[in-house]
Amino acid sequence: MKIFRLDQDPLFIAGRRMFMSRSGLWLSGTALALLAGNQTLAATMKKTGGDTSTDVKILNSALAAEQPGIAAYQVGAESGLLQKPVLDLAVQFQGHHKAHRDLIAATIKQLGGVPVEAKTKYDFPVDKLKSQADVLRFAAGLEQGAVSAYLGAIPQFDNRDLAKAAGSILGDEAMHWAVLRNAVGENPVPAAFVA
C-alpha cells in the first residue's frame, strides 16, 4: 500500500513555493514601506533634536547580524552541496537578507548614523559541512539566531515604526527557519512561541 505524502505532491510543492515567494516579497515590501516612511520621521527627529542614537545602535546590531547571513548563504551556494530547488531557495533567502541589509543601512543613514561594515571574512564551520542537510541545518541555526535577535530588539526601539519594520523582518526570518527545518525533516514549527 502506497502512502500519500502531501510534501511530495508536485502541486503542493509548487503552491508552497509560490506562497513562500510571494510572502517574502510582501514582507520585504512591508519593511520597505515602514522604513521608507521614516525619512520624514528621521528628518523631523533631527530638526527637533530627537535622540536617534538608541535606534541607530539597535539597527547597527541588526545590520551586523544580516551581513554574516548573506555570507553564509554564499558559502552554501558555492559549496556544491546544494541541489536544485534547494540551491534556488538558498539564493532567494540570501536575497531577502540583502534586502534587509540595504533597508537597515539606508535607515541608519537617514537617522544620521553610520552603518557598520561587513567583515571581509567570517569564521564558518565549513569543514563540518559535508552534505546538503549539513548546510541546511547550519543555515537554520543562523535563521533561528536572527529570529531571536529581532525578538530581543523590537521592544528596545524608541521609534515604534522601526519596531514594526523589525517585526516584519522577524517574520521573514522565522519563515526561513521553518522552511529550512522542514527541508531536513524536522518539525518546522516545534513550539507555539519563539524564544
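Residue Y150 is not grouped with residue V189 when hydrophobic side chains (ILVMFWY) are merged at heavy-atom distances under 4.5 angstrom, including chains of intermediate members.
Here the straight-line distance linking atom CG of L87 with atom OH of Y73 works out to 12.0 Å at 0.5 Å rounding. With rounding to the nearest 0.5 Å, the separation of CG in D102 from CD1 in I70 is 7.5 Å. Here Q144 contributes atom CD and H176 contributes atom NE2; the two are 15.0 Å apart, rounded to the nearest 0.5 Å. Expressed to the nearest 0.5 Å, how far CG of L103 lies from CG of L59 amounts to 11.0 Å. Rounded to the nearest 0.5 angstrom, L162 CG and L111 CG are separated by 6.0 Å. Taken to the nearest 0.5 Å, the OG1 atom of T52 stands 10.0 Å off from the CG atom of N159.
Heavy-atom minimum distance, A163 versus F157: CA-CD1, 3.7 Å. Between Q67 and V116, the closest heavy-atom pair is NE2-O, 3.1 Å. Minimum heavy-atom separation, G113 to V56: CA-CG1, 4.0 Å. Pairing each heavy atom of A65 with each of P68, the nearest pair is O-CD, 3.4 Å. Residues V135 and G76 share a closest heavy-atom pair of CG1-CA, 3.9 Å. Pairing each heavy atom of L82 with each of A77, the nearest pair is CD1-N, 4.1 Å.
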Step-by-step side chain to side chain contact (heavy atoms under 4.5 Å, CB included) determination, I169 to I104: CA-CA 10 Å; I169 294 172; I104 293 167; 4.3 Å; yes
Side chain to side chain contact (heavy atoms under 4.5 Å, CB included) between F93 and L180: does it pass, once the steps are laid out? CA-CA 10 Å; F93 287 178; L180 293 167; 4.1 Å; yes
Run the numbers on V75 and F138 for side chain to side chain contact (heavy atoms under 4.5 Å, CB included), then give the verdict. CA-CA 11 Å; V75 167; F138 173 63; over 6 Å; no
Mind running side chain to side chain contact (heavy atoms under 4.5 Å, CB included) on Q156 and T54 for me, showing each step along the way? CA-CA 8 Å; Q156 296 181 34; T54 299; 5.6 Å; no
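For the side-chain contact (heavy atoms from CB on, under 4.5 Å) with D134, the qualifying choice from V126, L129, V184 is L129, the only one to do so. When the options V147, L142, V194 are evaluated for a side-chain contact (heavy atoms from CB on, under 4.5 Å) with E173, the one that passes is V147.
In terms of modelled atom types and a separation under 3.5 Å, the side chain of S61 and the main chain of K57 share a donor-acceptor contact. Between the side chain of E143 and the main chain of A174, no donor-acceptor pair closer than 3.5 Å is present.
No side-chain heavy atom of V86 sits less than 4.5 Å from a side-chain heavy atom of Q83.
Taking the six-membered ring where the residue is Trp, H100 and H96 present tilted rings, their angle falling between 30° and 60°.
Of the charged side-chain nitrogens involved, at least one lies within less than 4.0 Å of a carboxylate oxygen, so that R181 and E186 count as a salt-bridged pair.
In this structure, D123 places its CG atom where only 12 or fewer heavy-atom neighbours from other residues, nucleotides or ligands lie under 6.0 Å away.
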